[in-house]
There are 2 protein chains.
Amino acid sequence: MKKTTIADVARYANVSNSTVSQYLNKRYEYMSTETRKKIEEAVEALQYRPNLMARSLKQKSTFTIGIIVANIIHDFSTKIINALEAEFDKKGFHMIVCNSADNPKKEREHVETLLEKQVDGLIVFPTGENQNLYIRLNQQKMPIVFIDRFIEDVAIPAVLLDNFSAMDMAVEQFQKQPLAIVTTSLALPITPRVERLEGFRQALRKRDLPIDERYIKNGDPSEIEEIFNELFALEQPPRGIIAANDRIAQELMVYIKKHNLHVPDDLQVIAVDDVPYAKFITPSITTLQQPILPMAQKSAALLLAKIKKEQLPHEPQLYRFTPILMERDSTI
Amino acid sequence: MKKTTIADVARYANVSNSTVSQYLNKRYEYMSTETRKKIEEAVEALQYRPNLMARSLKQKSTFTIGIIVANIIHDFSTKIINALEAEFDKKGFHMIVCNSADNPKKEREHVETLLEKQVDGLIVFPTGENQNLYIRLNQQKMPIVFIDRFIEDVAIPAVLLDNFSAMDMAVEQFQKQPLAIVTTSLALPITPRVERLEGFRQALRKRDLPIDERYIKNGDPSEIEEIFNELFALEQPPRGIIAANDRIAQELMVYIKKHNLHVPDDLQVIAVDDVPYAKFITPSITTLQQPILPMAQKSAALLLAKIKKEQLPHEPQLYRFTPILMERDSTI
DNA sequence: CTGTTAGCGCATTCAC
DNA sequence: GTGAATGCGCTAACAG
């Protein structure tokens with residue numbers, strides 16, 4: 001019942017604890033082939049498993065990293081988690097996954113507990129509200145990488161979509177006006193939401209199209225249907241609409257079906273995030289796919305470099321990834 | 001740079017380590033309000049954070065549990081992970097999430113490392129291949145709960161769908177014959193796949209319908225298109241088809257669009273797992289929704305009970321959950 | 001109420 | 001080559 005320890009193995013093999021420790025760390029030069037064999041047998045016989053916590057306590061490294069996603073409900077979050085898991089698994093790291101649910105307090109608490117658990121590094125989708133916390137951690141050289149979002153004036157690298165190019169690419173696809181964009185709530189200044197709306201405005205400006213804030217909307221999922229109602233009650237209903245993320249895209253699909261809107265003739269549609277149904281729904285939906293795998297790989301690589309203290313001298317703060325346009329029937 | 005420890009706090013506050021430890025564990029009865037205040041200040045001034053690993057080493061409990069999903073690619077897995085995260089978060093537990101990718105060797109390795117990291121318990125989607133491992137762990141009283149699948153002759157509770165009722169409900173919905181079912185690869189005897197095919201056979205038998213194995217198929221995602229080709233090349237193509245999980249459902253949707261099959265007139269469709277697009281695609285798809293939240297709650301509760309040694313005397317081994325039928329246009 | 005002591009399981013000098 | 005001693009940071013008796 002009681003766990004077998006290194007001492008049990010040592011006793012069984014008739015050697016000292018430290019020799020067993022050497023063996024476990026594969027420093028075989030420090031022992032005879034004979035003792036090595038004895039220890040091998042003892043480990044097998046006793047079904048010995050080292051206690052990595054005790055080891056970590058000594059070595060100050062746990063081979064586990066903390067992930068804090070802002071909202072596990074988004075498709076993008078789960079896809080990133082999956083990709084990160086694959087990356088870190090290759091390097092022998094485990095991930096503790098937490099959800100801040102876009103709640104800065106929960107975010108802070110998770111960060112603290114994760115640090116108390118001595119994780120080697122942190123990957124977080126920041127809510128945007130804990131600047132001081134991150135500034136402090138950064139000073140303490142805690143390895144951190146942001147994904148999807150960043151915090152102004154905090155020198156922590158962030159991996160995210162090039163939201164401005166994305167919106168430019170989107171606007172470029174539409175043939176008719178007016179254009180609208182809808183995203184989830186801006187109650188917090190969340191990077192992709194802010195940037196996508198701003199990118200939308202820039203793309204219109206660049207083309208000398210009028211910017212009318214009545215066509216630039218945001219709201220909680222529960223309010224989205226009402227938002228669409230308002231949009232389509234305007235004297236000039238939108239002829240093209242950008243769903244700024246997968247949640248909005250889904251609401252839009254429901255709305256389109258319910259009100260029997262004709263895509264793309266009456267309304268053209270582009271969704272950010274390559275939702276799985278985009279290609280087989282009728283009509284198929286044009287999307288801006290985030291390059292999940294490269295983004296996850298970059299994040300993992302950045303974090304691992306920091307953990308190994310391979311700090312690049314002048315590392316950029318923002319790593320922006322260009323989306324992949326999947327042209328389909330909703331923008332023909 | 002060096003982490004501040006309990007000793008630093010003790011020195012700063014002019015008390016002993018153990019008094020600080022008492023304070024940290026909120027055993028305030030054992031100290032004067034004065035010293036309590038002093039320690040409070042010291043903790044604040046030094047920005048002290050306890051090292052939970054050191055604590056765990058002593059107390060033999062880490063408040064982290066290991067999750068091993070068989071295939072993170074399935075919608076069901078990520079939904080369960082999300083629900084579990086919420087449950088365990090409530091109780092102050094963290095989760096280390098691993099993916100075995102349906103590879104028994106990876107599964108075993110993850111189990112071992114997780115144990116070495118001293119997780120308090122394990123929730124796993126077993127591949128089905130490591131009976132001996134689980135039997136051993138169960139003897140050692142390691143708290144474990146299976147989800148979605150179980151292993152024969154291993155006394156570990158499993159939370160899963162009532163696949164037999166599910167198939168009966170599905171068959172009941174169809175109005176025309178012949179009926180077919182397709183699931184992912186049976187290279188490994190994975191519970192839901194085996195049970196859904198068997199449940200399908202039972203449902204046919206019960207209704208005195210012929211059982212023709214040519215209509216009961218399985219294969220890797222890459223082979224699915226070919227499987228549909230075979231199915232629809234039969235002298236009597238299926239008039240109703242069950243997609244036994246979300247991956248198959250997606251392949252089926254693509255196939256239907258590509259070959260312009262008419263649902264539900266030519267072909268009726270039911271999918272297991274309530275895929276997000278089911279309600280807004282045209283025609284909408286009838287699904288058998290797995291009750292994710294109750295399943296996650298049950299699993300978490302079972303595991304936590306085991307961890308707290310509240311072992312029920314005669315706990316059942318299998319907790320089967322009835323699916324929720326979402327009747328939509330694909331089976332009208 | 002507070003301090004002393006002795007581990008938790010392992011790694012690492014440093015003598016032998 | 002091998003072992004005894006020390007400490008990682010914290011908790012838990014047990015004295016005082």
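We name chains A, B, ... by the order of the sequence lines, and we start the count at 1 in each one. As a basis for the values below, the full set of heavy atoms in this structure was taken, side chains included, without hydrogen atoms, waters or symmetry mates.
Taking the screw axis at each terminus of the helix from C/dC1-D/dG16 to C/dC16-D/dG1 from five consecutive base pairs, the angle between the two is 40° to within rounding of 10 degrees.
Under the rule for a ring-ring contact (aromatic ring centres under 6.0 Å, His included), the partners of B/Y134 that lie at least two apart in sequence or sit in another chain are B/F146.
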Per-nucleotide protein contact string for nucleotides 7-16 of chain D (B base, S sugar-phosphate only, - none; heavy atom under 4.0 Å): BBBBBB----
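Residues A/K106 and B/D89 are paired through a salt bridge, judged by an N-O separation under 4.0 Å between the basic side chain and the carboxylate.
Annotation: salt bridge (Lys or Arg N to Asp or Glu O under 4.0 Å) contacts involving residues 48-67 of chain B, sequence neighbours excluded, comprise A/E112-B/R49, A/E116-B/R49.
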Distance-only donor-acceptor hits, side chain of residues 293-309 of chain B, under 3.5 Å, sequence neighbours excluded:
unit_1: B/Q297; atom_1: NE2; unit_2: B/E87; atom_2: OE2; d: 3.4
unit_1: B/S299; atom_1: OG; unit_2: B/M295; atom_2: O; d: 2.6

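Note: B/I39 CD1 to B/Y28 OH = 9.5 Å, rounded to the nearest 0.5 Å. Atom-to-atom distance recorded for B/L161:CG and B/R320:CZ is 8.5 Å, nearest 0.5 angstrom.
To the nearest angstrom, P of C/dG9 lies 12 Å from CZ of A/R11.
Annotation: side chain of A/I190 is in contact with side chain of A/P192 (closest heavy-atom distance under 4.5 Å). Between B/V69 and B/T78 there is no side-chain heavy-atom pair separated by less than 4.5 Å.
Residue B/S56 is classed as having no contact, given no heavy-atom separation below 4.0 Å to the nucleic acid.
Listed by residue number, the members of residues 38-46 of chain A with any heavy atom below 4.0 angstrom from DNA chain C form an empty set.
In this model, no donor atom of one side chain and acceptor atom of the other lie less than 3.5 Å apart for A/S18 and A/S21.
Ring geometry for A/F93 versus A/F63: interplanar angle of 30 to 60°, hence tilted.
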